[in-house]
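Structure, as C-alpha cells:
Only this structure's heavy atoms are used, side chains among them; waters, hydrogens and symmetry mates stay out. In listed order, ligands and their atoms are each counted from 1.
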Amino acid sequence: MFTTRFAPSPTGLLHRGHAFSALTVHDAARAAGGRFILRIEDIDQTRCRPEHEAAIFEDLAWLGLDWETPVRRQSDHLGDYAAVIEDLNGRGLLYRCFRTRREIMEGIGQAPHGPAEAVRPGPHSPAEEARLLDEGRPFAWRLSLDRAREALGAAWTDLAFVEEGTGPAGETGLIRARPETAGDVVLARKDAGVAYHLAATHDDALQGVTHVIRGHDLFEAVHIQRLIQALMGWPAPIYRHHRLLTGPDGKRYAKRDRSQTLAELRTGGMTPQALRVELGFPDAA
Ligand code: GLU
C-alpha cells in the first residue's frame, strides 16, 4: 500500500516551508488512498526540544492533517539503530573515527565551517585506535565505501533509484546512485550512537514507506541512503523530491525566520484554508 511520511526534526518551530512539505506528503497519501505517517526525528538531543515536538503536533493538526498513531519518536528506539550498527560492524563495513570535525576539515584542506565535501578519513592505525580506545576517547562509526563496494560486488554498479519528482537540477526518472559522492559517512555519531541516514533508512524500511516525499535539500542524501538500503537488504522506496519554498527575497525559509512560523501565522489570524490556497494547494473544504 502507498505509504509515505513527513519526518520533521523538533529543532525549532515549523514554518511555511514545512507546511508546504507536509501538505505535499499528506495530499499524496490521500490521492493514492494510502497511509500518511508522521515521524519525529530527534536523535540530535542537543538541538531537539520537547516543546518543539509539541508544536509540531499542534501546527499539523491546525493545518488539518491527520496521521497514524502512535507516532514513532526516534530517540525512543536507539536500541534498534544500535543493532544495525552492530550488524554492519560485524560484517566489517564500518570503522571507528575519533577525529574531531576540525581535524577532518583540516585534513582535506577546508575550514571547519566551509561547504561539506566527501570526507573519507579512513581507519586509524590499529595501534592508534587501541590507544584512543584506552584513553576512553569518544568515536563515531563511519561506513567504509571501499568495504561496502566489495560487499556489494556487481550490485554496486546497478545501484539506482526512481525519482518521480525532480532533483534540484531537474534530475528525474531512473537515476544511478553514486554513494561515493557522500564519502565515508558517519552512521553513528559520537554523541548520539546513530546518525540521520541510518535512522531514516531504518525507519522507512520498518514502517513500510513506499514513497519518500521531501524537499530538494535532501535529494543528494538518496545516494548514500540507497547504499545503506542495499547493504541491509531493505526495499528501495520511490522518491519524489519537491521544490523548496522561498520567501519574497528568493531565499528558502529557515527556522530562524520567526515571522514565518506557523505559530506566528496562526496568531496573526491566518486560517489553514488561506495558507493552503496561498501555498498552491486546492482548498480542502
Ligand atoms: N528529519 C529530516 C529533516 O527535518 C527529514 C528527513 C527525511 O525526510 O528524510 O530535515
Checklist entry - What orientation do His18 and His15 show, parallel under 30°, tilted 30 to 60°, or perpendicular over 60°? => result tilted
Checklist entry - Side chain of Thr24, backbone of Ala22: donor and acceptor closer than 3.5 Å? => result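 Judged by distance alone, no pair lies under 3.5 Å.
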Checklist entry - Relative to ligand 1, is Asp217 under 4.0 angstrom through side chain, backbone, both or neither, heavy atoms considered? => result neither
Next on the checklist: Rounded to the nearest 0.5 Å, what separates atom CG in Asp134 from atom CD in Glu128?
Outcome noted: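 Atom-to-atom, Asp134:CG and Glu128:CD are 13.0 Å apart.
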Next on the checklist: Could you work out, for atom 1 (N) of ligand 1, the closest of Arg39, His241, Glu41 by heavy-atom distance?
Outcome noted: Glu41
Checklist entry - For ligand 1, is Tyr196 a contact, meaning one of its heavy atoms is under 4.0 Å away? => result yes
Next on the checklist: So, 4.0 Å and heavy atoms of Arg5: is ligand 1 close enough to count as a contact?
Outcome noted: yes
Next on the checklist: Running the 4.5 Å side-chain criterion over Ile, Leu, Val, Met, Phe, Trp and Tyr, what cluster does Leu244 land in, apart from itself?
Outcome noted: none
Checklist entry - Between Ser75 and Gln45, what is the shortest heavy-atom contact and its length? => result CB-NE2, 3.4 Å
Checklist entry - Does Ala200 reach ligand 1 with a nitrogen or oxygen that is under 3.5 Å from one of the ligand's nitrogen or oxygen atoms? => result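 So ligand 1 has no N or O lying under 3.5 Å from an N or O of Ala200.
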Item to check | Per-atom contacts of ligand 1 with Arg214, taking only distances under 4.0 Å to non-hydrogen atoms | outcome: 7 (C), 8 (O), 9 (O)
